[in-house]
2 protein chains.
Amino acid sequence: MTDTIRVVIADDHQLMLDGLRQGLDSLPDIQVVGTVVDGAELHAEVQAKGPDVLLVDVEMPKVTGLSAISRIDDLPPTLIVTMHAAEEYAATAREAGARGFLSKGLPLPQLAAAIRAVADGVDLFESDPRVLDAYSAPQLSSRAEAITGRERDVLRCLVQGISSTDDIADELYISQKTVKNHLASIYEKLGVNDRAQAVVEAMKLGLDRDWD
Amino acid sequence: MTDTIRVVIADDHQLMLDGLRQGLDSLPDIQVVGTVVDGAELHAEVQAKGPDVLLVDVEMPKVTGLSAISRIDDLPPTLIVTMHAAEEYAATAREAGARGFLSKGLPLPQLAAAIRAVADGVDLFESDPRVLDAYSAPQLSSRAEAITGRERDVLRCLVQGISSTDDIADELYISQKTVKNHLASIYEKLGVNDRAQAVVEAMKLGLDRDWD
DNA sequence: AACTTAATGGGTCTTTCGGCCCATTCAGAT
DNA sequence: ATCTGAATGGGCCGAAAGACCCATTAAGTT
């Protein structure tokens, strides 16, 4: 249902950009559509990509994160991240139009939760921190939500390399026929028509993991 | 052939840790086996995990990266990373036993190259920067190396969801028979016996991407 | 009480897949 | 000049997979 959240990141450290891109892209509901290393390029990137959420580092050479976002007319929901736990910028960040203020000391799942929250219209400055709990689990797409528990078990077998009907049946203690039935349902729900494609889709949708 | 390089990372920013872990783990030849947020824990982690390479941030609260590594007896090849391009620490880093000194402004592929280089015994302080070029491509495992170009094409079709013999044949402009031949070779080389397992292995070994 | 859905199972039929035999061509290495 | 390996192709056959019908049970919902 929920479309994937398109994110643009601004940070002067390329390593941080690459790392965040990998981390966020690995989640089924978040997609990094652009990165910039300088506040000066942010404006153009936002216009070009039209992201749902902006992730901006305060500390940047030339144009700081805060002044960069304050000069964007149609600012998408924006999160400010900072190296230091410093609250000093928080007030200014809020004035500049940001929706939240985070430390880089947070683990990635919490960042992801914050992204989902602001994408949903939440203003983290005004909210109880506990609202994040509601956004901690990745939102699966409608296709993925339709997959039942037992079907997930079958998919997990597949991505573990247990691919033959017999082996899956042994693994799950059910008959070969039931395995085939589950697979047929999976094919229909994912819009595929064999095991190889099911594996690809399952990984793309993140159905292979039990949620962190 | 080359075993995967086991890496431990020390950085006080959890986000950076999570990001790097994702980024490096996505490479077929590098595996992050441990992370610490504080220099104080580094010693214990290194003893517990016995990594091939250490990746340490200089700036850390309590115990700095440099003092942390200098008190490790059997120091593995170590790279120091820093936020600032500052050369000030470089000399001290070298004395503390580090093999290289990098800025966080580098893109991830270059970090990966540096990791492979030091894992191979190279001392980046003493070497021409061009040595990194030799380590820029991920080292594929022996199984993966055996895969020929055309077989890779077939694998790429599979991970794109083109899984039936007919579709692959159309995609690659060859006969169905040739597709089956290539698949048979792939199965043998990867030690699998159907397309679904081949997809899983291809993704695990990183054979699905064209190298960055 | 009636309804839905998940999970389990059966049967049948056609298509596809994978294993095993083979040949030809061409490029590069010895 | 020979040899090897990659890439292309053929045929054959048994086993597996996928598509299509179906039923039963148990757990929730309304």
Side-chain angles (χ1 to χ4, degrees), chain A residues 1 140-203 205 207-208 210-211, chain B residues 1 140-203 205 207-208 210-211:
Chain A
M1 182 80 281
L140 298 175
S141 75
S142 52
R143 285 187 305 166
E145 278 172 28
I147 300 289
T148 69
R150 209 55 171 154
E151 286 160 6
R152 286 260 291 266
D153 291 342
V154 174
L155 276 176
R156 247 181 255 116
C157 285
L158 283 187
V159 299
Q160 282 169 19
I162 304 172
S163 58
S164 83
T165 305
D166 284 351
D167 291 347
I168 298 173
D170 284 352
E171 181 74 18
L172 300 180
Y173 304 106
I174 52 182
S175 81
Q176 290 93 327
K177 185 52 207 166
T178 304
V179 172
K180 289 183 142 199
N181 285 339
H182 286 317
L183 281 169
S185 315
I186 290 169
Y187 296 159
E188 195 193 354
K189 289 172 184 173
L190 297 185
V192 300
N193 38 45
D194 62 35
R195 296 162 201 234
Q197 290 176 8
V199 169
V200 175
E201 276 305 304
M203 295 189 128
L205 295 173
L207 286 166
D208 51 323
D210 294 305
W211 293 120
Chain B
M1 181 82 281
L140 298 174
S141 74
S142 52
R143 282 187 306 166
E145 279 171 27
I147 300 289
T148 69
R150 209 55 171 152
E151 286 160 6
R152 285 259 293 266
D153 291 341
V154 174
L155 276 177
R156 248 181 256 113
C157 285
L158 283 186
V159 300
Q160 282 169 18
I162 303 171
S163 58
S164 83
T165 305
D166 285 349
D167 291 347
I168 298 173
D170 285 351
E171 181 74 18
L172 300 180
Y173 303 106
I174 52 182
S175 80
Q176 289 92 328
K177 186 52 206 163
T178 304
V179 172
K180 288 181 140 202
N181 285 339
H182 286 317
L183 280 170
S185 314
I186 290 169
Y187 296 158
E188 194 192 355
K189 289 172 183 172
L190 296 185
V192 301
N193 38 44
D194 62 35
R195 296 162 201 232
Q197 289 176 11
V199 169
V200 175
E201 276 305 305
M203 296 190 126
L205 295 173
L207 286 167
D208 50 324
D210 295 304
W211 294 120

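Everything numeric in this text was worked out from a predicted model, so none of it was measured. Only this structure's heavy atoms are used, side chains among them; waters, hydrogens and symmetry mates stay out. A, B, ... follow the sequence lines: proteins, then strands. Residue 1 opens every chain.
- Picking from D:dA17, D:dG9, D:dA7 the nucleotide with the shortest atom distance to the side chain of A:Thr165 gives D:dA17.
- Between the OH atom of A:Tyr173 and the C1' atom of C:dA7 there is a distance of 18 Å, given to the nearest Å.
- For the pair A:Asp166 CG and D:dA15 P, the computed distance is 12 Å after rounding to whole Å.
- Listed candidates were C:dA6, C:dG18, D:dA17. Nearest to the side chain of A:Thr148 is C:dA6.
- In this structure, the CD atom of B:Gln197 is 13 Å from the C1' atom of D:dA16, given to the nearest Å.
- Contact annotation for A:Ser164: backbone-only contact, meaning every heavy-atom pair under 4.0 Å involves sugar-phosphate atoms and none involves a base.
- Counting to the nearest Å, the C1' atom of D:dA7 and the CD1 atom of B:Ile168 are 16 Å from each other.
- By the neighbour-count criterion of 12 heavy atoms within 6.0 Å, atom CD of A:Glu188 is sparsely surrounded, having that number or fewer from other residues, nucleotides or ligands.
- The A:Ser175 side chain lies nearest to C:dG9 when the options are C:dA7, C:dG9, D:dT8.
- For the residue pair A:Ile168 and A:Ile162, the shortest heavy atom distance occurs at CG1-O, 3.4 Å.
- Considering all non-hydrogen atoms of both residues, B:Val159 and B:Met203 come closest at CG1-CG, 4.2 Å.
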Quiz prompt | Under 4.0 Å protein heavy-atom contacts per nucleotide of nucleotides 19-29 of chain D, with B for base, S for backbone only and - for none | solution = SB---------

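- Remark: the backbone N or O of A:His182 is not paired with any side-chain donor or acceptor of A:Glu151 at under 3.5 angstrom.
- The side chain of A:His182 lies closest to C:dT8, out of D:dG9, C:dT8, C:dC17.
- One atom, CG of A:Leu190, and another, P of D:dG18, lie 13 Å apart when rounded to the nearest Å.
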Self-check item: Step-by-step side-chain hydrogen bond (donor to acceptor under 3.5 Å, both in side chains) determination, A:Thr165 to A:Arg195
Solution: CA-CA 10 Å; A:Thr165 305; A:Arg195 296 162 201 234; 2.8 Å; yes

Quiz prompt | Verdict with reasoning, B:Leu205 to B:Ile147, per side-chain contact (heavy atoms from CB on, under 4.5 Å) | solution = CA-CA 11 Å; B:Leu205 295 173; B:Ile147 300 289; over 6 Å; no

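- The CZ-C1' distance, from B:Arg150 to C:dT25, rounds to 15 Å in whole Å.
- The distance from atom CD of B:Glu151 to atom C1' of D:dG5 is 11 Å, rounded to the nearest whole Å.
- In this structure, A:Leu158 atom CG and D:dG18 atom C1' are separated by 14 Å, rounded to whole Å.
- For B:Ile174, taking side-chain heavy atoms from C-beta onward, the closest of the listed nucleotides D:dA7, D:dG9, D:dG18 is D:dG9.
- For the pair A:Gln197 (side chain) and A:Asn193 (backbone), a donor-acceptor distance under 3.5 Å is present.
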